[in-house]
Trainee: 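This is the structure I have questions about; it appears just below.
The shown structure was predicted, so the numbers you read here are calculated from the model rather than taken from an experiment.
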Amino acid sequence: MAALAGLRALPRLCAVALFLSQLYILSGRAGSLMTTKHSQPQSTFAKSLTSASTNTPYFKAAESTEIPSYVTKCPSNGLCSRLPPDCMTCNTNYSCIYGKPATFDCKVKPHVHCVDENNHEQENFTINMTCQFCWQLPTTDYVCTNSTSCMTVSCPRQRYNATCTVRDHIHCLGNRVFPKMLYCNWTGGYKWSTALALSITLGGFGADRFYLGQWREGLGKLFSFGGLGIWTLIDVLLIGVGYVGPADGSLYI
């Protein structure tokens with residue numbers, strides 16, 4: 001009887017064993033899927049780190065080889081003492097005496113090549129210049145912006161705010177770009193054609209100089225008969241080219 005009962009229970013045991021084996025297989029497949037899903041982001045992140053680490057030296061190398069913009073102003077293999085100020089760095093000596101010659105120790109900037117009088121390449125050198133600030137330079141040593149909104153036709157002369165830049169070959173102390181108050185372009189009503197006509201016809205009597213407000217020169221031409229004609233010819237040329245103008249500094253109409 002016991003053997004018969006065991007035979008009857010055998011199919012049930014086989015079914016339970018089969019169910020457990022299938023359950024185990026399914027759980028194993030689910031675990032493998034979970035591990036593969038989690039491993040993909042890690043591999044992508046690792047690849048991104050690897051690519052970033054390999055690309056970083058490339059970008060650094062590109063930045064280090066970039067040529068600065070000031071190099072275009074610096075002549076290659078020229079005299080160091082004649083380089084523009086943008087091509088060098090100097091130790092500024094503010095204790096120099098104003099208006100007197102001063103010597104400054106300078107060094108060329110990176111990517112700039114220059115030589116001395118013996119055609120030997122050098123980096124450290126000295127330059128000689130007058131001890132003065134850039135805004136104290138003569139008007140011929142800098143260029144300023146013009147204003148077209150302040151032109152007048154009568155006195156007094158007006159001023160306007162201009163931005164001035166020192167020319168490349170000029171050395172000075174302080175900022176090379178500075179503001180400055182300049183006189184407006186204006187005219188007092190003097191005509192160039194009238195001055196030239198008077199110089200040709202009555203220049204021997206100083207009429208041209210009297211017209212322009214230059215009384216001393218006019219009296220000199222009057223009593224010297226136009227410098228015996230020589231002064232008259234010279235004034236015709238000077239007024240013709242616009243070199244001689246009104247005594248008040250205004251412009252011709």
Side-chain angles (χ1 to χ4, degrees), residues 68-70 72-75 81-104 106 109 127-199 206-218 220 234-253:
S69 59
Y70 61 79
T72 57
K73 300 181 181 179
C74 308
S81 58
R82 295 185 180 180
L83 286 175
D86 293 337
C87 305
M88 65 181 74
T89 56
C90 300
N91 296 326
T92 306
N93 181 16
Y94 290 101
S95 61
C96 59
I97 301 175
Y98 172 74
K100 299 294 183 179
T103 303
F104 296 86
C106 302
K109 291 183 178 179
I127 61 171
N128 298 320
M129 70 177 189
T130 304
C131 180
Q132 59 184 347
F133 287 95
C134 295
W135 59 270
Q136 296 173 323
L137 291 171
T139 55
T140 56
D141 292 340
Y142 54 83
V143 180
C144 300
T145 57
N146 294 323
S147 176
T148 58
S149 61
C150 70
M151 299 182 67
T152 60
V153 294
S154 62
C155 296
R157 298 184 67 181
Q158 297 180 359
R159 294 175 179 262
Y160 70 96
N161 292 321
T163 301
C164 302
T165 304
V166 181
R167 299 185 184 274
D168 291 338
H169 63 282
I170 302 298
H171 295 272
C172 56
L173 301 176
N175 296 327
R176 300 185 61 81
V177 179
F178 53 91
K180 197 165 188 177
M181 294 288 294
L182 298 179
Y183 284 109
C184 299
N185 292 329
W186 68 291
T187 178
Y190 296 95
K191 293 183 178 180
W192 172 81
S193 58
T194 303
L196 182 61
L198 290 174
S199 181
D208 50 354
R209 293 284 183 166
F210 288 126
Y211 172 74
L212 296 175
Q214 302 175 7
W215 297 96
R216 294 180 180 178
E217 292 81 356
I234 293 176
D235 273 356
V236 171
L237 294 176
L238 295 179
I239 294 176
V241 299
Y243 184 81
V244 174
D248 55 6
S250 63
L251 302 178
Y252 286 116
I253 297 177

Trainee: Nearest heavy-atom pair of Trp192 and Ile239: which atoms, and what distance?
Mentor: NE1-O, 2.7 Å
Trainee: Quick check: closest heavy atoms across Thr89 and Lys109, and the distance to 0.1 Å?
Mentor: CG2-CE, 3.8 Å
Trainee: Measure the acute angle between the ring planes of Tyr211 and Tyr190, then classify it against the limits of 30° and 60° as parallel, tilted or perpendicular.
Mentor: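 Plane angle over 60°, so perpendicular.
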Trainee: I'd like to know if the side chain of Arg176 reaches the main chain of Cys164, judged simply by a donor and an acceptor atom lying under 3.5 Å from each other, with no hydrogens or angles considered.
Mentor: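 Absent.
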Trainee: Apply side-chain contact (heavy atoms from CB on, under 4.5 Å) to residues Met88 and Ile127 and explain how you reach the verdict.
Mentor: CA-CA 11 Å; Met88 65 181 74; Ile127 61 171; 4.3 Å; yes
Trainee: May I ask you to test the Asp235-Glu217 pair for a side-chain heavy-atom distance under 4.5 Å?
Mentor: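 No, every pair of side-chain atoms sits at 4.5 Å or beyond.
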Trainee: Could you walk me through whether His171 and Asn128 pass the side-chain contact (heavy atoms from CB on, under 4.5 Å) test, one step at a time?
Mentor: CA-CA 9 Å; His171 295 272; Asn128 298 320; over 6 Å; no
Trainee: Using 0.5 Å steps for rounding, measure from the CG atom of Asp208 to the OG1 atom of Thr194.
Mentor: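 Asp208 atom CG to Thr194 atom OG1 measures 12.0 Å (nearest 0.5 Å).
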Trainee: Do Pro84 and Pro75 touch side chain to side chain, with heavy atoms closer than 4.5 Å?
Mentor: yes
Trainee: Nearest 0.5 Å, please: how far is CD1 in Ile170 from OG1 in Thr165?
Mentor: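 If I round to the nearest 0.5 Å, the distance is 13.5 Å.
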Trainee: Could you report the tightest heavy-atom contact between Met181 and Arg159, atom names first, then the distance?
Mentor: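 Shortest heavy-atom separation between Met181 and Arg159 comes out as O-NH1, 3.4 Å.
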Trainee: Between Leu173 and Cys96, is a side-chain contact (heavy atoms from CB on, under 4.5 Å) present by the stated rule, with each step listed?
Mentor: CA-CA 11 Å; Leu173 301 176; Cys96 59; 4.1 Å; yes
Trainee: Quick one: closest heavy-atom pair of Phe104 and Ala102, and the distance?
Mentor: CE1-CB, 3.6 Å
Trainee: Just distance, no hydrogens or angles: give the donor-acceptor pairs under 3.5 Å from side chains in residues 134-144, sequence neighbours left out.
Mentor:
| residue | atom | partner | partner atom | Å |
| --- | --- | --- | --- | --- |
| Gln136 | OE1 | Phe133 | N | 3.0 |
| Tyr142 | OH | Lys180 | NZ | 2.6 |

Trainee: Please tell me if the side chains of Leu237 and Tyr243 come closer than 4.5 Å, counting only heavy atoms from C-beta onward.
Mentor: no
Trainee: For Thr163, is there any backbone N or O sitting under 3.5 Å from a side-chain donor or acceptor partner on Thr145?
Mentor: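 Side chain of Thr145 to backbone of Thr163: a pair is present.
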Trainee: Taking everything shown except Arg82 itself, do over 12 heavy atoms lie less than 6.0 Å from its CZ?
Mentor: no
Trainee: What are the two closest heavy atoms between Leu182 and Ala162, and how far apart are they?
Mentor: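 Heavy-atom minimum between the residues: CD1-CB, 3.7 Å.
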Trainee: If you take all heavy atoms of Gly245 and Leu212, which pair is closest and at what distance?
Mentor: O-CD1, 3.9 Å
Trainee: Atom OH of Tyr160 and atom CG of Asn146: how far apart are they, to the nearest 0.5 Å?
Mentor: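 Between Tyr160 OH and Asn146 CG, I get 5.0 Å after rounding to 0.5 Å.
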Trainee: Step by step, work out the side-chain contact (heavy atoms from CB on, under 4.5 Å) result for Cys131 and Ile97.
Mentor: CA-CA 6 Å; Cys131 180; Ile97 301 175; 5.8 Å; no
